[in-house]
Amino acid sequence: MQKNIDSLLAILDEKDYDKVVSFIEFLVDTKKKKTERQKTNEEQVDVDAIVASLIGAIPDTGKTLEEYRNERLKKYEISD
């Protein structure tokens, strides 16, 4: 890679150096963004899989949500 860069610099006029540097910076930024997108996609959580894993973890006792709520309130009730 360094050999290619050196040979490129040898044939370029000094006024073109800025163009080359800008192009290389563009390529590096593009690669960074692509890598970040890949990492983000890999880190995304599969919500459907999590919910599916929870189904059946809590047994269904046939109570309503209100009954569960009242049960919890009684359990953690502070007596004066």
Side-chain angles (χ1 to χ4, degrees):
M1 180 74 139
Q2 185 63 39
K3 186 177 179 181
N4 292 338
I5 292 172
D6 289 341
S7 62
L8 179 63
L9 290 175
I11 60 174
L12 284 176
D13 289 332
E14 211 172 302
K15 63 182 178 180
D16 293 328
Y17 286 1
D18 289 338
K19 291 178 188 174
V20 173
V21 170
S22 295
F23 183 68
I24 292 171
E25 288 174 344
F26 167 76
L27 292 175
V28 169
D29 287 344
T30 302
K31 183 166 177 104
K32 282 182 184 178
K33 288 177 185 176
K34 183 178 180 183
T35 304
E36 288 172 4
R37 280 196 306 270
Q38 287 174 342
K39 285 181 183 177
T40 302
N41 290 339
E42 291 170 1
E43 294 171 353
Q44 283 182 345
V45 178
D46 186 0
V47 175
D48 292 334
I50 293 172
V51 171
S53 72
L54 293 176
I55 294 175
I58 302 172
D60 182 15
T61 59
K63 294 180 183 178
T64 66
L65 291 177
E66 187 63 31
E67 290 171 326
Y68 282 120
R69 182 178 180 279
N70 289 334
E71 187 178 280
R72 283 299 198 210
L73 288 174
K74 286 179 187 176
K75 184 175 181 177
Y76 296 108
E77 187 176 79
I78 297 174
S79 57
D80 293 329

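Since this is a predicted model, take the numbers as computed values, not measurements.
The number of heavy atoms from other shown groups lying within 6.0 Å of CG (L27) is above 12.
Looking only at side-chain heavy atoms (C-beta outward), F23 and K19 stay at 4.5 Å or farther from each other. Side-chain contact between Q38 and K34 is present, with at least one heavy-atom pair separated by less than 4.5 Å.
Here the OG1-CZ distance, from T64 to R69, works out to 11.0 Å after rounding to the nearest 0.5 Å.
The stretch residues 23-33 participates, sequence neighbours left out, in no salt bridge (charged side-chain N to carboxylate O under 4.0 Å, His left out) pair at all.
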